[in-house]
Colleague: 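Right, I'll just put the structure down here and ask away after.
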Amino acid sequence: MDVARLGELERAVMDVLWAHDEPMSVRAVHAALSGRDLAYTTVMTVLTRLANKNVVRRAREGRAWLYAPAASREEYVAELMLQALELTGDRGSALVRFAQSVSTDEADALRQALERGEPA
C-alpha cells in the first residue's frame with residue numbers, strides 16, 4: 001500500500017469509512033459528516049483524492065461509486081510507522097526510543113506479539 005499522510009478532512013472521512021463494515025457512497029459519507037457543514041462536492045473530491053492515493057478502493061454500483069478503506073486503520077498506522085523508520089539512519093535506535101515512550105500495557109502488547117511472531 002502506498003501510504004500517504006492524511007489531512008484533517010481526509011482523516012475525518014477515513015474515520016467514517018473505518019467505522020463501517022460495508023463500502024459507502026459519497027452520499028452516505030456526506031451524511032455521516034453532517035455536523036461538519038461540508039458540501040457534497042467537497043466530500044466527493046476528498047474521496048476521489050483518497051482513491052487516487054490508493055488509501056481507499058472504489059467500485060461502481062449503478063451510477064454511484066462505493067468507497068471502502070484499502071487497509072484497516074491498524075494496517076495504515078503500521079505503514080506510517082514503517083515509513084517513519086525509513087527516515088532515520090539508525091532504525092534500531094529509533095525503535096528503542098519508541099519502545100521507551102510507550103505505556104506498560106503497550107509494551108506488554110508488543111512483547112507478546114514479538115513472542116508469538118505475529119502482529120498485535
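In what follows, every heavy atom counts, from backbone to side chain, and hydrogens, waters and symmetry copies are set aside. Bear in mind that the values here come from a model prediction, so they are computed numbers and not experimental data.
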Colleague: Quick one: pull up CG in Leu110 and CZ in Phe98 and give me the separation to the nearest 0.5 Å.
Modeller: 6.0 Å

Colleague: At what distance, to the nearest 0.5 angstrom, does CZ of Arg57 lie from CG of Leu66?
Modeller: 11.0 Å

Colleague: Looking only at heavy atoms, what is the nearest atom pair of Arg91 and Leu85, with distance?
Modeller: CG-O, 3.6 Å

Colleague: Is the shortest heavy-atom distance from the side chain of Thr42 to the side chain of Leu9 under 4.5 Å?
Modeller: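 In short, these two side chains touch, coming nearer than 4.5 Å.
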
Colleague: Quick check for you: to the nearest 0.5 Å, what is the distance between His30 atom NE2 and Ser25 atom OG?
Modeller: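 Between atom NE2 of His30 and atom OG of Ser25 there are 11.0 Å.
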
Colleague: Are Leu80 and Val102 connected in a single hydrophobic cluster, I mean Ile/Leu/Val/Met/Phe/Trp/Tyr linked by side-chain heavy atoms less than 4.5 Å apart?
Modeller: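 Both belong to a single hydrophobic cluster.
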
Colleague: Could you grab the distance from atom CG of Leu38 to atom CE of Met44, nearest 0.5 Å is fine?
Modeller: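 Spacing of CG (Leu38) from CE (Met44) equals 13.0 Å.
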
Colleague: Quick one: do Met81 and Trp18 end up in the same hydrophobic cluster if we chain Ile, Leu, Val, Met, Phe, Trp and Tyr together by side-chain heavy atoms under 4.5 Å apart?
Modeller: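 Linked within one cluster.
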
Colleague: Decide whether Val77 and Leu95 are clustered together by the hydrophobic rule: side chain heavy atoms of Ile, Leu, Val, Met, Phe, Trp, Tyr closer than 4.5 Å, transitively.
Modeller: no

Colleague: Charged N to carboxylate O under 4.0 angstrom, Arg111 versus Glu106?
Modeller: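 Salt bridge: no.
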
Colleague: Quick one: does any side-chain atom of Gln112 pair with a main-chain N or O of Ala109 as donor and acceptor, under 3.5 Å?
Modeller: no

Colleague: Measure the spacing between CG of Leu6 and CE of Met14 and express it to the nearest 0.5 Å.
Modeller: 6.5 Å

Colleague: With rounding to the nearest 0.5 angstrom, report the CG to CG distance, Asp15 to Leu33.
Modeller: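 It is 9.0 Å, given to the nearest 0.5 Å.
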
Colleague: If you take all heavy atoms of Tyr67 and Ala51, which pair is closest and at what distance?
Modeller: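 That would be CE2-CB, 4.4 Å.
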
Colleague: For Val56 versus Leu47, what's the shortest heavy-atom pair and its separation?
Modeller: CG2-O, 3.9 Å

Colleague: Quick check: are there more than 12 heavy atoms from other residues, nucleotides or ligands sitting under 6.0 Å from CZ of Arg49?
Modeller: no

Colleague: Counting only heavy atoms not in Arg27 (residues, nucleotides, ligands), do more than 12 fall under 6.0 Å from its CZ?
Modeller: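 No, the 6.0 Å shell around CZ holds no more than 12 heavy atoms from other groups.
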
Colleague: Around atom CG of Asp90, are there more than 12 heavy atoms from other residues, nucleotides or ligands closer than 6.0 Å?
Modeller: yes

